[in-house]
K.L.:
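Structure in structure tokens, see below.
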Amino acid sequence: ELEGLSADTRQMLKENAEKAGKQGWLITLKPTSVFPIMKAADRRSLREEVWRANNTKCIGGEFDNTQNIIDIANTRLQIARLLGYRTYAEYVLRKRMARNTQNVMDMLNRLQTAYMPVARQEYEELQQYAAQQGLQGPLMPWDWSYYSEKLKNERYSLDDETMRPYFELEHVKQGVFGLATKLYGLHFTKKADIQVYNPEVEAFEVTDSEGHYMGVLYTDFHPREGKRGGAWMNNFQEQYVTNGVDHRPHIVIVMNFTRPTADKPALLTYDEVETFLHEFGHSLHGMLSRCTYSSQSGTNTYRDFVEMPSQFNENFLAERQFLDSFAVHYQTGEKMPQEFMDKIRAARTYHAAYSCVRQLSFGYLDMAWHTLEQPFEGTQADVIDFEHRAMTPVQLFPDVPHTAMEYAFTHIFNGGYAAGYYGYKWAEMLDADAFSVFQKNGIFDRKTADSFRTNILERGSTEQPDVLYRRFRGQDATIDALLKRDGISSQNR
């Protein structure tokens, strides 16, 4: 039944069972269980069972969320009305870069028009591939990741283990820190006398090109007992000015990277390096801040803008000039072969349209709930139907009755993304558009970097983000650079 799953995944499922006092292997509905099964389990019935379980969470039974969803949506509408707004989205978007519902829907619809035809082509192509592999009938949601992963491996044959030797952690640190040196003139000096909260944490004093103190950066790279999973950036001290004194920030970036072993240093995957660049981008937004009030400094910006500097940083990983500065084999010192670079670039656009429309489906659902102008009244079936109708513009798979993801959609019902889920794609549009300027002028061009620094990274939320962005870019962002990066023809616009 577990055929296709890696030894590590099987071991994790066995440990799940042991922790629960059970025999065998226990599949939970946590992402760490669900994702590996969707990608690798050969048995289709197992994939379907897990997918259906994951997409019927909290539908009916003791933990039914039907009334919670209705109550949350209606309470938000009531709050908006009390404050003089027609919808909750109008109330939220007054403090977002998008500003209003129309701008959000325009972006979602433009992306839908551009990506949906390509997503349908991707679906048909994978349907044909799956049929060749023995699949009978239409490609269903529980089939996508499995066959997509197989086809990707056939085409690019570039797995994590192939890439790891070129991403030794100390070399990666030199490359990532060096990027900030090339772009902004920052220097990072490890300081053993700065107190840290765990022996594994390193502290770096950050100075600018003239030797002026800019702040402290703490790095916390590896998992350990009691440490939360994932990756994030946080401030121990925000940047602010009081009585003429500029208090510089103390910033930490936290990851859970692969540990070194007895015979190997810490070797990262491509995704882990990308994560490092992302969180480091957040830290630069905080480190370069030059504001008066901490509430407006650094990353204290509108939610649909705050991810732009971090996602912008990720773009460098596909650039040969950047990779050559650190991506060398940890044993031989050989630079990463061009063949690997070509495969990395090609893999970046693999099923990009599917990934986009999947995100759009969540954005459409979010906006549907938060643009209600009248209280929602209905049953469980009505709530499920509401989701299916909201997602219709980007539907690829045959409908699966009695399933819904909104019942566990904590991002919008409990996680602060209400009327804001579109922000992921909004920030992608911005980061691709901004990086296109660097590609035009040279990825390490200091004049361009100085403009990005002074107009965006230093300003926090002291002005509206669209004003800051136009000051850097000279115009509003368009989806053109994002289309190009994702390999989508401009004719689909």
K.L.:
Tell me the salt bridge (Lys or Arg N to Asp or Glu O under 4.0 Å) pairs involving residues 324-336, sequence neighbours left out?
P.N.:
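Non-adjacent pairs meeting salt bridge (Lys or Arg N to Asp or Glu O under 4.0 Å): Arg320-Asp324.
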K.L.:
So, Ser33 side chain and Leu29 main chain: donor-acceptor pair closer than 3.5 Å or not?
P.N.:
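No: the side chain of Ser33 does not pair with the backbone of Leu29.
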K.L.:
May I ask you to decide whether Asp486 forms a salt bridge with Lys484, counting only side-chain N to carboxylate O separations under 4.0 Å?
P.N.:
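So Asp486 does not pair with Lys484 through a salt bridge.
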K.L.:
Can you give me the closest heavy-atom contact between Met287 and Gly215, atom names plus distance?
P.N.:
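Distance-wise, the nearest heavy atoms are SD-CA, 3.8 Å.
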K.L.:
Tell me the salt bridge (Lys or Arg N to Asp or Glu O under 4.0 Å) pairs involving residues 255-264, sequence neighbours left out?
P.N.:
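Salt bridge (Lys or Arg N to Asp or Glu O under 4.0 Å) check on residues 255-264 returns Glu200-Arg259.
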K.L.:
Answer yes or no: is there a donor N or O on one side and an acceptor on the other, between the side chain of Arg459 and the main chain of Arg290, under 3.5 Å?
P.N.:
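Between the backbone of Arg290 and the side chain of Arg459 there is a qualifying donor-acceptor contact (under 3.5 Å).
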K.L.:
Would you say the side chain of Leu93 lies within less than 4.5 Å of the side chain of Val104, judging by non-hydrogen atoms?
P.N.:
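The answer is yes; the side chains approach within 4.5 Å.
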K.L.:
How are the rings of Phe438 and Phe316 set relative to one another: parallel (under 30°), tilted (30 to 60°) or perpendicular (over 60°)?
P.N.:
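Ring orientation of Phe438 relative to Phe316: perpendicular.
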K.L.:
Could you state the interatomic distance from CZ (Phe444) to OG (Ser325), rounded to the nearest 0.5 Å?
P.N.:
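Rounded to the nearest 0.5 Å, the CZ-OG separation comes out at 6.0 Å.
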K.L.:
Within the supplied structure, the quantity of interest is the number of heavy atoms (other residues, nucleotides, ligands) at a distance under 6.0 Å from Gln78 CD; does it exceed 12?
P.N.:
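No - once you tally the heavy atoms of other residues, nucleotides and ligands closer than 6.0 Å, there are 12 at most.
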K.L.:
Kindly say whether Pro393 contributes a backbone atom to a donor-acceptor pair with the side chain of Gln112 at under 3.5 angstrom?
P.N.:
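Pair found, side chain donor or acceptor close to backbone of Pro393.
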K.L.:
Any side-chain donor paired with an acceptor under 3.5 Å for Ser310 and His282?
P.N.:
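The answer is yes; a qualifying pair exists.
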K.L.:
Would you check, one step at a time, whether the test salt bridge (charged side-chain N to carboxylate O under 4.0 Å, His left out) holds for Arg345 with Glu319?
P.N.:
CA-CA 9 Å; Arg345 284 181 174 274; Glu319 299 293 331; 3.8 Å; yes
K.L.:
In Å, rounded to the nearest 0.5 Å, how long is the span from CD of Gln239 to CD of Gln296?
P.N.:
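CD of Gln296 is found 11.0 Å from CD of Gln239.
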K.L.:
Does Asn243, at its CG atom, have more than 12 non-hydrogen atoms belonging to other residues, nucleotides or ligands within less than 6.0 Å?
P.N.:
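Result for CG/Asn243: open.
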K.L.:
Donor-acceptor check, side chain of Asp208 to backbone of Glu210, threshold 3.5 angstrom: yes or no?
P.N.:
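Yes, Asp208 side chain to Glu210 backbone: donor-acceptor pair under 3.5 Å.
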K.L.:
Please tell me whether Lys57 and Asn54 have a donor and an acceptor in their side chains that are separated by less than 3.5 angstrom.
P.N.:
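Asn54 and Lys57 do have a side-chain donor-acceptor pair below 3.5 Å.
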K.L.:
Give a yes or no on whether the backbone of Val241 and the side-chain of Thr292 come within a donor-acceptor separation of less than 3.5 Å.
P.N.:
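No, the answer is negative, given that no donor and acceptor are paired below the 3.5 Å cut-off.
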K.L.:
Would the Phe305 and Tyr302 ring centres measure less than 6.0 Å apart?
P.N.:
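No, the ring of Phe305 stays outside the 6.0 Å limit from the ring of Tyr302, centre to centre.
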K.L.:
Look at the side chain of Asp304 and the backbone N and O of Met97, then say whether any donor-acceptor pair between them is shorter than 3.5 Å.
P.N.:
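Yes; at least one donor-acceptor contact below 3.5 Å.
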K.L.:
Please determine whether the number of non-hydrogen atoms from other residues, nucleotides or ligands lying under 6.0 Å from atom OH of Tyr293 exceeds 12.
P.N.:
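For Tyr293, atom OH is not crowded (no more than 12 foreign heavy atoms under 6.0 Å).
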K.L.:
Can we call the ring centroids of Phe386 and Phe376 under 6.0 Å apart?
P.N.:
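Yes: the rings meet the under 6.0 Å criterion.
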K.L.:
For Phe340 and Tyr156, I'd like to know if the aromatic rings sit close, meaning centre-to-centre distance below 6.0 Å.
P.N.:
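No, too far apart.
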K.L.:
Which heavy atom in Leu317 sits nearest to a heavy atom in Leu323, and how many Å separate them?
P.N.:
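Taking Leu317 first and Leu323 second, the nearest heavy atoms are O-CD1, 3.4 Å.
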K.L.:
Is the centre of the Phe221 ring less than 6.0 Å from the centre of the Phe257 ring?
P.N.:
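Yes, the ring centres sit under 6.0 Å apart.
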K.L.:
State, without any angle test, whether Thr448 and Asn441 hold a side-chain donor-acceptor pair at a distance under 3.5 Å.
P.N.:
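Per modelled atom types, Thr448 and Asn441 side chains form a pair under 3.5 Å.
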K.L.:
Look only at the side chain of Ser289 and the backbone of Gly298, and say whether a donor-acceptor pair between them is shorter than 3.5 Å.
P.N.:
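Looks like yes, one N/O pair under 3.5 Å.
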K.L.:
Determine which pairs satisfy salt bridge (Lys or Arg N to Asp or Glu O under 4.0 Å) with at least one residue from residues 166-180, sequence neighbours left out, and list them in order.
P.N.:
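As it turns out, the salt bridge (Lys or Arg N to Asp or Glu O under 4.0 Å) pairs with a partner in residues 166-180, which skip direct neighbours, are Glu170-Lys173, Lys173-Glu202.
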K.L.:
Taking the six-membered ring for Trp, is the centroid-to-centroid distance between Tyr218 and Phe236 below 6.0 Å?
P.N.:
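Yes, the ring centres sit under 6.0 Å apart.
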K.L.:
Restricting to non-hydrogen atoms, name the atom on Met308 and the atom on Leu430 that form the minimum distance, rounded to 0.1 Å.
P.N.:
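So the two residues come closest at CG-CB, 3.4 Å.
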K.L.:
One thing to verify: whether Arg470 and Asp466 come together as a salt bridge, which I'm taking to mean a side-chain N less than 4.0 angstrom from a carboxylate O.
P.N.:
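Salt bridge between Asp466 and Arg470, a charged N being under 4.0 Å from a carboxylate O: yes.
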K.L.:
Are Phe280 and Phe188 close enough, and set up right, to give a ring-ring contact (aromatic ring centres under 6.0 Å, His included), and what steps lead you there?
P.N.:
CA-CA 13 Å; Phe280 189 68; Phe188 299 79; 5.7 Å; yes
K.L.:
With a 3.5 Å distance limit and no angle check, can you tell me whether Asn455 reaches the backbone of Leu468 through a side-chain donor-acceptor pair?
P.N.:
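No; judged by distance alone, with no hydrogens or angles, the pair does not exist.
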K.L.:
If you draw a 6.0 Å radius around NZ in Lys39, do more than 12 non-hydrogen atoms from other residues or ligands fall strictly inside?
P.N.:
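Not buried by this count: 12 neighbours or fewer within 6.0 Å.
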K.L.:
Looking at Leu288 and Met214, what are the two nearest heavy atoms and their distance?
P.N.:
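Shortest heavy-atom separation between Leu288 and Met214 comes out as CD2-CE, 4.0 Å.
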K.L.:
Please indicate whether Lys343 has more than 12 foreign heavy atoms, meaning atoms of other residues, nucleotides or ligands, lying under 6.0 Å from its NZ.
P.N.:
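Above 12, so yes.
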K.L.:
Without hydrogens or angle criteria, can the side chains of Tyr213 and Asp246 be said to hold a donor-acceptor pair below 3.5 Å?
P.N.:
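Note: Tyr213 and Asp246 side chains miss the donor-acceptor criterion.
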K.L.:
Show your reasoning for whether side chain to side chain donor-acceptor pair (under 3.5 Å) applies to Arg94 and Asn100.
P.N.:
CA-CA 7 Å; Arg94 80 198 193 284; Asn100 56 59; over 6 Å; no
K.L.:
Report all side-chain donor-acceptor pairs from residues 414-421 shorter than 3.5 Å, counting only partners two or more places apart or in another chain.
P.N.:
| residue | atom | partner | partner atom | Å |
| --- | --- | --- | --- | --- |
| Tyr417 | OH | Tyr424 | OH | 3.4 |
| Tyr421 | OH | Gln359 | OE1 | 3.4 |

K.L.:
Show me the side-chain donor-acceptor pairs of residues 178-186 shorter than 3.5 Å, one per line, residues at least two apart or across chains.
P.N.:
| residue | atom | partner | partner atom | Å |
| --- | --- | --- | --- | --- |
| Thr181 | OG1 | Phe177 | O | 3.2 |
| Thr181 | OG1 | Leu186 | O | 2.6 |

K.L.:
Should Lys227 and Asp220 count as an ion pair when the cut-off is N to O under 4.0 Å?
P.N.:
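Here Lys227 pairs with Asp220 in a salt bridge, since their nearest N and O are under 4.0 Å apart.
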K.L.:
Determine whether the side chains of Glu272 and Thr275 contain a donor N or O and an acceptor N or O closer than 3.5 Å.
P.N.:
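No, no side-chain donor-acceptor pair sits under 3.5 Å.
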K.L.:
Scan residues 368-377 for pairs that pass side-chain hydrogen bond (donor to acceptor under 3.5 Å, both in side chains), counting only residues two or more places apart or in two chains.
P.N.:
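Passing the test, one end in residues 368-377: Arg76-His370, Arg86-Glu373, Asp366-His370, Trp369-Glu406.
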K.L.:
Tell me, do Leu372 and Thr87 make a side-chain contact under 4.5 Å, heavy atoms counted?
P.N.:
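They are not in side-chain contact.
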K.L.:
Measure the CG-CD distance between Asn74 and Gln67 for me, rounded to the nearest 0.5 Å.
P.N.:
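Rounded to the nearest 0.5 Å, the CG-CD separation comes to 8.5 Å.
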K.L.:
Is the closest side-chain donor-acceptor distance between Arg164 and Thr258 under 3.5 Å?
P.N.:
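Yes.
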K.L.:
If you take all heavy atoms of Ala318 and Met341, which pair is closest and at what distance?
P.N.:
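Where Ala318 meets Met341 most closely, the heavy atoms are O-CE, 3.5 Å.
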K.L.:
Take Glu307 and His278, measure what side chain to side chain donor-acceptor pair (under 3.5 Å) needs, and give me the verdict at the end.
P.N.:
CA-CA 9 Å; Glu307 293 296 333; His278 181 100; 3.1 Å; yes
K.L.:
Search all heavy atoms of Cys291 against all heavy atoms of Gly460 and return the closest pair with its distance.
P.N.:
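For Cys291 and Gly460, the tightest heavy-atom pair comes out as SG-N, 4.0 Å.
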